[in-house]
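The structure appears right after this line, and notes come after that.
We number each residue from 1, following the sequence as shown. Computed from heavy atoms alone, side chains included, the values below leave out hydrogens, waters and symmetry copies.
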Amino acid sequence: MNASSGSGATMRVRHVLRQVRRVSTTAFALVGLGATAYITYEYNELKKAEKKAETTEKAVLVLPFDRMQLRETKKRSFSFDRSWFSSEDDEIVQVEVQELVKVIHAAAQDPNIVALYGNFGEGGFSSGGWAHIEEIRNALKVWRESHRIHLNPNLSHDKVLVRRSNGSPKPSFAYADTFSSPNEKGNKDYIVACAFSHVHMQKNGELQLFGVSASNPFFRSFMEKYGIKAHVFKHGKYKNAPNLFTETEYTREHRQNVQSLVDQFDKNERDIIVNDRNFKGYDPMVWNMIRKHGTFTGLQSKKLGLVDYLPVLDPLNDLLESNKDDESKTAIKGKWGNGTDVERFQAVKKISFADYKSVLAKREKMKSRKWKINSGLKKLAEGSTAFESLLAVLGYPAPYYNINQEEFSAAKQKEEKIAVVHVEGSINESLARKTVSSLRKIKDDPKVKAVVLRIESPGGSVVSSERILQQCKDLPQPVVCSMANVCASGGYYIATGCSRIFALPTTVTGSIGVFAVKFDFSGLGKKYGISVDHITTGPHAATYNAFHPLNKLVKRNLSQNVDRTYEHFKSLVAESRGLDMSEVESLAQGRVWTGFEAKENGLVDELGGLERAIAFVQRNYTEGEADVERWPKTENTLEQVKKLIKSTKGDMLASFKLIGDMFQTDVKNLGKPSVMNEYDSTKYLVQTILENPKSAQILYSANVLLTMDESTALSQHVVESIKQIQ
């Protein structure tokens, strides 16, 4: 090859390289322009969406306690929106306690929510229990102290906002037409209202501070009338659940157990009123006079300092009207006088609980969208250093891009997770299966750094309780327990697998004891001319047959089962709490304790709700900003439809039939009470047994049970068992 041909080849290579460079430069410019346009568009869209998600005017958040049914968790099912059939003012609102807490905490840190208004109406508030009441009151305390540095902030919120030290306290107003509803035992609506800075009651309303009561049904005489026997095997003189079948009234130990709880709840109520209403000198003698007095009129309530003002109607609309202009404020002040705090009320509009939840959801959606943009920019920048440089010039430097540095650092910590696992209801095979499934999935997730077991249960099956306990022990992550209203017997059995236990002062816990009931319906059969003959291959073969009389060997075997389970239960408590067996025995025997008492005797470690338990886990097992996820996972309507279609293997006709059946079931349940009181549950139990012969099979069981001693707990266990077989 000569020199001229080599020179020509070199020229051709240089020409190709110039073309490539020209094309690359053009492509890069196009990518840069496209990315710039993309960033600008998304930024503008995001700002528009964020503006829509903000409450730009000063607003008062209205909490509809008069229509609120408080729950530990909502019973989610395939259903339609019931608000189609009722206005927002009429609709009964099911609210999870942590959902309400989260909304109040968010409002406390929102500069545009300047007041809180709790409407208690005529007493439609339905609470889940005393511990739930405490958690709501704790959230309201955060609201009232939001102008200060809170000692135990809710760590899911921005610390910069929590640490606000300027400004005056935000006002909060509670209004009720009356505090005399027969639906809410123990004045729970008034106890919540006391946590507001202002308590208003309609002029002709009434306040009833009757105290706390408990009642238990006994079926012994009913069973004797029909020839039904209940052979009870139990360990613990305070294990009083089977008294439902064997007694006609309280035994000494049963009365002592229930009286202790009632006294603790009553003391808690009195302490709250004294502290919140700034009473002095309200000794037991004064309270005795209050209890004997009966109903207080509105005027008497105001004179005693139990309420602050007696408006003739709900003052909220007038309070909003007062902020239109100076003339309106003067007119409203003239109308109400010094009765309500017009000067501190700065809101110009009201926002409903549902609308504010929607605002919070939109904010979360905006955050998610912003991070999706961040992820897209990161991928583009990783493919081109030149593009990364262009982003830096545009004000989006790596690795933050469109996220500010502080938020980016906090989010990096949030790659960790805390799993909150809800164990709610009677502990049976169904609950155990769902809980164990959740725990197994959590075990395999390396991002989950700790588990909070949230227990709301009076107990149930020892086998199901053991399954959940062992699965907790198998987790590589530390497990902390948060007790809700009730965590007793089987609930406490599970809690022994946790490294730290939190309870509210009014949580009902303990009931460390076991029992078994063997029913004998042979007398019932004889009364109606029914005889049942048995052919067995052993003396224990018919143990679970309700028409087989109890024999000595079955009696001894059941007694041994109860003894063995009780000793095992005590050993779990001893190991978990660092106590010897004699100390455990003094705390066991089926005795129930309030959370306050359990803290004193060592059965729990700390007093506090779920937020305090999560804060403990954040401090001790994470970098401090871990995301909190709830288990078991809930399915939305679309996911349920997909599962139905999958279960029918694509048969659309069968799928539509199943969906229609579920829809009809939901319609039928519209008229049923979502929460049954003691009378309703007993009536439902008897009615179901009579209408559905299959339900009688639950009475055949002589299995050992871990159920607390109150009859409501046992009836809950029976009713939920019936629902499993219907």
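In this structure a side-chain-to-backbone donor-acceptor pair under 3.5 Å is missing from D266 to V262. Listed for the N216 side chain is no donor-acceptor partner under 3.5 Å among the backbone atoms of L244. A distance-only check finds a donor-acceptor pair linking the side chain of S499 to the backbone of V479 [under 3.5 Å]. Side-chain N or O atoms of K237 include none that pairs as donor or acceptor with a backbone N or O of Q589 at under 3.5 Å. Side-chain atoms of R71 do not come within 3.5 Å of backbone N or O of Q94 as any donor-acceptor pair. Using modelled atom types, no side-chain atom of S426 and backbone atom of N428 make a donor-acceptor pair closer than 3.5 Å. Within the 3.5 Å criterion, the main-chain N or O of F547 finds a donor-acceptor partner in the side chain of H534. At least one donor-acceptor pair closer than 3.5 Å links the side chain of W593 to the backbone N or O of L587. Although no hydrogens or angles enter the test, the distance criterion places no donor-acceptor pair under 3.5 Å between the side chain of S576 and the main chain of L572.
In this structure, the side chains of T506 and T594 stay at 4.5 Å or more apart for every pair of heavy atoms. Looking at V562 and F515, their side chains never come closer than 4.5 Å, going by heavy atoms from C-beta outward. V480 places none of its side-chain heavy atoms less than 4.5 Å from the side chain of C498.
Here the CZ-OG1 distance, from F596 to T507, works out to 13.0 Å after rounding to the nearest 0.5 Å. How far CD1 of I427 is from OG of S465: 4.0 Å, rounded to the nearest 0.5 Å. The CD1 atom of I133 lies 10.5 Å from the CD atom of E135; values are rounded to the nearest 0.5 Å.
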Evaluation steps, side-chain contact (heavy atoms from CB on, under 4.5 Å), between K74 and E99: CA-CA 10 Å; K74 291 179 185 175; E99 179 184 18; 3.3 Å; yes
Check against side chain to side chain donor-acceptor pair (under 3.5 Å), T248 and R220: CA-CA 6 Å; T248 58; R220 176 178 172 176; 5.6 Å; no
E466 and Y493: CA distance, side-chain angles, deciding distance, side-chain contact (heavy atoms from CB on, under 4.5 Å) verdict: CA-CA 8 Å; E466 180 71 15; Y493 189 101; 2.3 Å; yes
Criterion side-chain contact (heavy atoms from CB on, under 4.5 Å) on V617 and V452, from CA distance to verdict: CA-CA 8 Å; V617 169; V452 177; 3.8 Å; yes
side-chain contact (heavy atoms from CB on, under 4.5 Å) assessment of Q471 paired with D474: CA-CA 5 Å; Q471 194 63 48; D474 188 54; 3.9 Å; yes
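Of all heavy-atom pairs between E96 and R630, the closest is OE1-NH1, 2.5 Å. Across all their heavy atoms, V448 and A419 have their closest contact at CG1-CB, 3.9 Å. The two residues E429 and S464 make their nearest non-hydrogen contact at N-OG, 3.3 Å. Of all non-hydrogen atoms in C487 and T509, the two that sit nearest each other are O-OG1, 2.7 Å. Minimum interatomic distance between L475 and L439 (heavy atoms only, all atoms of both residues): CD2-O, 3.3 Å. The nearest pair of heavy atoms linking G590 to N257 is O-ND2, 3.6 Å.
A side chain to side chain contact (heavy atoms under 4.5 Å, CB included) with L603 is found for one member of T496, V584, V573 and no other, namely V573. Of the residues listed (I442, V628, D445), the one engaging K417 in a side chain to side chain contact (heavy atoms under 4.5 Å, CB included) is D445, and it is the only one.
At a cut-off of 3.5 Å, with distance as the only test, no side-chain donor of H422 or E456 sits close to an acceptor on the other residue. Residues N268 and Q264 have side chains that never bring a donor and an acceptor to within less than 3.5 angstrom of each other. Side-chain contact annotation: S582 with D580, donor-acceptor N/O pair under 3.5 Å present. With 3.5 Å as the limit, one finds a donor-acceptor pair spanning the side chains of K239 and S489.
By the 6.0 Å contact criterion, CD on E575 is open, its count of non-hydrogen atoms from other residues, nucleotides or ligands being 12 or less. Other residues, nucleotides and ligands contribute more than 12 heavy atoms inside 6.0 Å of the OH atom of Y250. For K473, the NZ atom is densely surrounded, since the number of other residues' heavy atoms within 6.0 Å is greater than 12.
With sequence neighbours left out, P478 forms a side chain to side chain contact (heavy atoms under 4.5 Å, CB included) with A450, Y621.
Residue pairs that meet the salt bridge (Lys or Arg N to Asp or Glu O under 4.0 Å) test with at least one member in residues 504-517, sequence neighbours left out, do not exist here. The stretch residues 557-569 participates, sequence neighbours left out, in these salt bridge (Lys or Arg N to Asp or Glu O under 4.0 Å) pairs: E567-K570.
A tilted orientation is assigned to the rings of Y492 and F569, their planes being inclined by 30° to 60°.
Note on R454 versus E72: salt bridge recorded, some NZ/NE/NH1/NH2 to OD/OE distance being below 4.0 Å.
The aromatic ring centres of Y226 and F521 sit 6.0 Å or more apart.
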